[in-house]
Amino acid sequence: KDINKRNLLVVKINSANQLMVQGQLMDVKQLKDKAKEFILNENNADYYPKVFEEDFGAPFGTVKYTKDHVISVQNDVDTQYQAYLTVQNELVAAYNELREDCAQKYFHKGYNELEEDQQKQIQKIYPQKISEAEPKNYGN
């Protein structure tokens, strides 16, 4: 499926296990916050995913969210598995934090304490969209 460039956060791990996000070298410790910034796009920046407004019903009402965002993880064939796993964990942690914050805001409970239907409501606002490409030989 064709994806508008602004909706795509490209995360690459090279053969030296270095992380590049949108072509910029980045420490993996910064990845979670970068992913959250991308997913939220609170300032509706034109280089991040388009922000939509939708009524999600009670208790949410109208919520701004980036329904078309995708995080693309690409790694080199020589990337160490631990480096890959660390990147994946940071990206999942970004979604988990967003969902947790939403649960606290609207239900005053932790996400894991919610009923299944409440969790599904939050998942509609923050769908986990991580795409993995086949490993390639990117080199350094």
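- In terms of heavy-atom proximity, Q128 sits nearest to V92 at NE2-CG2, 3.9 Å.
- When all heavy atoms of A45 and R6 are compared, the pair lying nearest together is O-NH2, 3.3 Å.
- For the ring-ring contact (aromatic ring centres under 6.0 Å, His included) condition, the pairs that include at least one residue of residues 19-45, sequence neighbours left out, are F38-Y48.
- A continuous path of ILVMFWY side-chain contacts below 4.5 Å connects I130 to V11, so both sit in one hydrophobic cluster.
- Under the 6.0 Å cut-off for aromatic ring centres, Y111 and Y95 do not qualify, their centroids lying 6.0 Å or more apart.
- Taken together through direct or relayed side-chain contacts under 4.5 Å among Ile, Leu, Val, Met, Phe, Trp and Tyr, M20 and L91 form parts of separate hydrophobic clusters.
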>> Pair Q22, L9 - check side-chain contact (heavy atoms from CB on, under 4.5 Å), show working.
In response: CA-CA 6 Å; Q22 302 294 73; L9 182 71; 3.6 Å; yes
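- Y84 and Y81 have tilted rings, their planes meeting at an angle from 30° to 60° on a 0 to 90° scale.
- One side chain, E132 or Q88, offers a donor N or O that lies under 3.5 Å from an acceptor on the other.
- Around the CG atom of N43, the shell of radius 6.0 Å holds no more than 12 heavy atoms that belong to other residues, nucleotides or ligands.
- With L8 as reference, S72 is the one residue of S131, S72, P49 to meet the side-chain contact (heavy atoms from CB on, under 4.5 Å) rule.
- Partners of Q104 according to the side chain to side chain contact (heavy atoms under 4.5 Å, CB included) rule, which considers only residues two or more places apart in sequence or in another chain, are E100.
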